[in-house]
Amino acid sequence: MIESVWRWGNLGLAFLLELAAIVALGYWGFHAGESTAGKLLLGLGAPAVGIGLWALFAAPTAKLHTPLLYALTVVVVIGGAGVGLWFSGLRTLGLLLPALFVANLAVVKLMHLDAATA
């Protein structure tokens with residue numbers, strides 16, 4: 001029982017952190033654009049690119065899931081979200097989001113809590 005709660009709690013946290021990264025990319029985009037068109041393009045485009053990359057290379061059901069592509073996707077999406085938050089003035093969140101993601105990923109991997117083992 002406890003093992004199941006621990007597993008699904010950590011996998012749930014991972015999912016929430018992934019969603020937070022997508023939201024952060026949108027937040028950055030809407031604040032980085034100078035014109036209305038630029039704000040819309042970056043605010044909607046950055047999350048769309050992040051979702052596309054995650055679906056192709058990092059999701060548990062990704063067709064092109066290799067360790068290298070997964071690592072590169074995490075760096076681009078989660079790292080990009082952190083950098084975007086930092087440059088949007090949310091420096092604490094910009095540091096906290098990637099740090100929480102890495103800590104959670106370490107727990108999931110070291111304790112073999114992946115969805116494939118559930």
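All values derive from a computational prediction rather than experimental measurement.
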Are [X] and [Y] connected in the hydrophobic side-chain network, where two residues link if heavy atoms are under 4.5 Å apart?
X	Y	result
Y27	L25	yes
V76	I22	yes
L100	V77	yes
L85	F87	no
V49	L97	yes

Inter-residue atom distance [X].[atom1] - [Y].[atom2], 0.5 Å rounding:
X	Y	atom1	atom2	answer
L105	L113	CG	CG	11.0 Å
L95	L90	CG	CG	11.0 Å
I78	E18	CD1	CD	6.5 Å
I51	L56	CD1	CG	12.0 Å
W8	L13	CH2	CG	14.0 Å
F30	L41	CZ	CG	10.0 Å

Stepwise side chain to side chain contact (heavy atoms under 4.5 Å, CB included) test for V74 and W54: CA-CA 8 Å; V74 167; W54 204 270; 3.8 Å; yes

Kindly give the heavy-atom pair with the smallest separation between [X] and [Y], and that separation in Å.
X	Y	answer
K39	E34	CE-O, 4.4 Å
A62	A55	CB-O, 3.5 Å
S35	G38	OG-N, 3.0 Å
R7	H112	NH2-O, 3.7 Å
G84	S88	O-OG, 2.8 Å

Test: K109 cationic atom under 6.0 Å from Y70 six-membered ring centre, within 45° of axis: yes

N104 (side chain) donor-acceptor with N10 (main chain) under 3.5 angstrom: yes

Contacts of type ring-ring contact (aromatic ring centres under 6.0 Å, His included), residue F57, not counting sequence neighbours: none

